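Report on the structure given below.
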2 protein chains.
Amino acid sequence: MITRGEMWQAEILRVLNRSHAPVTAYEVLETLRETHGKVAPTTIYRAPSSLADCGRVHRVESLNAFTAYQCDRHQHTSILSICEECGSVEESVAPELLDEISGLVGRSGFSPMRHVIEVHGMCGSCSMRKLQA
Amino acid sequence: MITRGEMWQAEILRVLNRSHAPVTAYEVLETLRETHGKVAPTTIYRAPSSLADCGRVHRVESLNAFTAYQCDRHQHTSILSICEECGSVEESVAPELLDEISGLVGRSGFSPMRHVIEVHGMCGSCSMRKLQA
DNA sequence: TAACACGTGTTACTATATAACATTTATCGA
DNA sequence: TCGATAAATGTTATATAGTAACACGTGTTA
Ligand SMILES: [Zn+2]
Ligand SMILES: [Zn+2]
Ligand SMILES: [Zn+2]
Ligand SMILES: [Zn+2]
């Protein structure tokens with residue numbers, strides 16, 4: 001049985017997957033309105049957070065936007081590299097780096113629960129393009 | 001000579017320094033309105049970004065808020081650990097970790113310009129308090 | 001079926017951030 | 001010193017982001 005909520009999750013995943021760059025909640029909203037008429041922000045915000053919870057969507061904190069996971073459903077924290085030229089985002093996975101960070105902040109007794117690691121810069125292909133120009 | 005802009009920067013720094021936790025732009029705004037009457041959001045947003053530029057204030061991306069640097073004026077990127085219990089933020093500095101992250105995302109040709117590293121969790125004193133309770 | 005719990009829809013609102021333009025202040029050559 | 005010009009700051013309005021509160025419907029249980 002497919003609930004209405006799961007229907008929205010699927011729709012939203014489809015929108016996110018069509019874009020190589022992160023998409024804000026309101027951009028998703030606009031897209032869905034084209035095909036579904038009136039849709040409320042709440043609908044959009046509820047679904048990504050449940051999608052994030054089940055490891056299919058990232059919230060990109062430094063952009064206030066969402067992006068679909070690049071690899072299949074998983075639970076690990078990703079390091080996101082965000083190209084400020086073309087908007088594309090890549091995921092990197094490095095548990096040992098997360099551990100190092102946890103160790104560092106843990107020296108003062110801090111217990112990490114969630115890591116936000118987002119690197120802004122320029123992606124390889126944009127750098128190439130800039131060089132040629 | 002002290003410009004109006006520098007005056008605002010100083011005021012805002014004072015507000016940020018009085019709080020151990022990050023402060024949103026609109027919280028700063030409210031505080032300043034108590035003493036200065038009408039103040040526009042623009043005023044608040046301009047000053048922190050120039051303060052951030054000169055290495056005195058962090059923008060905490062995952063909170064949409066600002067916090068004063070804990071050590072004296074500096075330019076290095078900090079790792080922020082944010083207690084979700086009491087709101088306090090600590091800075092850690094670890095250039096070698098940043099280098100590792102840069103190396104990792106650089107494998108695909110990505111050139112990092114700005115690192116956002118924010119760890120959410122629970123600080124030492126809050127953990128203590130929880131244990132005792 | 002009545003009662004309830006829960007998921008979803010709807011409305012209205014709060015919070016966050018910036019664009020565009022007006023005004024003031026600094027700079028500098030005439 | 002005096003405009004002319006450029007830069008910084010003030011002001012207004014608006015765009016974008018996010019949530020609270022409650023209404024409604026649907027499925028479950030007794
Ligand atoms: Zn993955
Ligand atoms: Zn790019
Ligand atoms: Zn420092
Ligand atoms: Zn704490």
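All values reported here derive from a predicted model rather than from experimental measurement. Every chain is numbered from 1, with letters handed out A, B, ... down the list of sequences.
Checked against B:W8 for a side-chain contact (heavy atoms from CB on, under 4.5 Å), the options B:V39, B:T3, B:I44 give a single hit: B:V39.
Contact annotation for A:T42: base contact, defined as any heavy-atom pair under 4.0 Å involving a base atom.
The side-chain heavy atoms of B:T67 and B:R59, taken from C-beta on, include no pair separated by under 4.5 Å. Residues B:H115 and A:H120 have side chains not in contact (no heavy-atom distance under 4.5 Å, counting atoms from C-beta outward). Contact annotation: the side chain of B:V119 never approaches that of A:V116 to less than 4.5 Å [non-hydrogen atoms, C-beta and beyond].
Atom CZ of A:R33 and atom P of C:dG9 are 14 Å apart (whole Å). The nearest whole Å value for the distance from the NE2 atom in A:H36 to the C1' atom in C:dT8 is 15 Å. The CH2 atom of A:W8 sits 10 Å away from the C1' atom of C:dG9 (whole-angstrom rounding). In this structure, B:Q9 atom CD and D:dA8 atom P are separated by 12 Å, rounded to whole Å. Atom CD1 of A:I44 is separated from atom P of D:dT16 by 16 Å (rounded to the nearest Å). The CG atom of A:L32 sits 15 Å away from the P atom of C:dT8 (whole-angstrom rounding). Look at CD on B:E11: it is 15 Å from C1' on D:dT9, rounded to the nearest Å. Atom CG in B:N64 sits roughly 20 Å away from atom P in D:dA15 (whole-Å rounding).
Less than 4.0 Å separates DNA chain D from at least one heavy atom of each of the following residues of residues 19-29 of chain A: A:T24, A:Y26.
Among the nucleotides C:dG9, D:dT11, C:dT16, the one closest to the side chain of B:Y45 is C:dT16. When distances run from any side-chain atom of B:T3 to the nucleotides D:dT11, D:dT9, C:dG9, the shortest one goes to D:dT9. For B:A40, taking side-chain heavy atoms from C-beta onward, the closest of the listed nucleotides D:dT12, C:dT18, D:dT19 is D:dT12.
Open room surrounds CD on A:E30; 12 or fewer heavy atoms of other groups in view lie less than 6.0 Å from it.
Contact between the side-chain N/O atoms of B:R59 and the OP1/OP2 oxygens of C:dT16 is not found at any separation under 4.0 Å.
For the 3.5 Å distance criterion, the side chains of B:S62 and A:E61 fail to qualify, holding no donor opposite an acceptor. Side-chain contact check for B:E11 and B:H36: at least one donor-acceptor pair (N or O, by modelled atom type) lies under 3.5 Å.
Taking 3.5 Å as the limit, the base of D:dG18 and the side chain of A:R46 contain no donor-acceptor pair of atoms between them.
Take the nearest nucleotide of DNA chain C for B:R4 and for A:M7: the residue whose nucleotide is more 5' is A:M7. Mapped onto DNA chain D by nearest heavy atom, B:G5 and B:K38 fall at different nucleotides, with B:G5 at the one closer to the 5' end.
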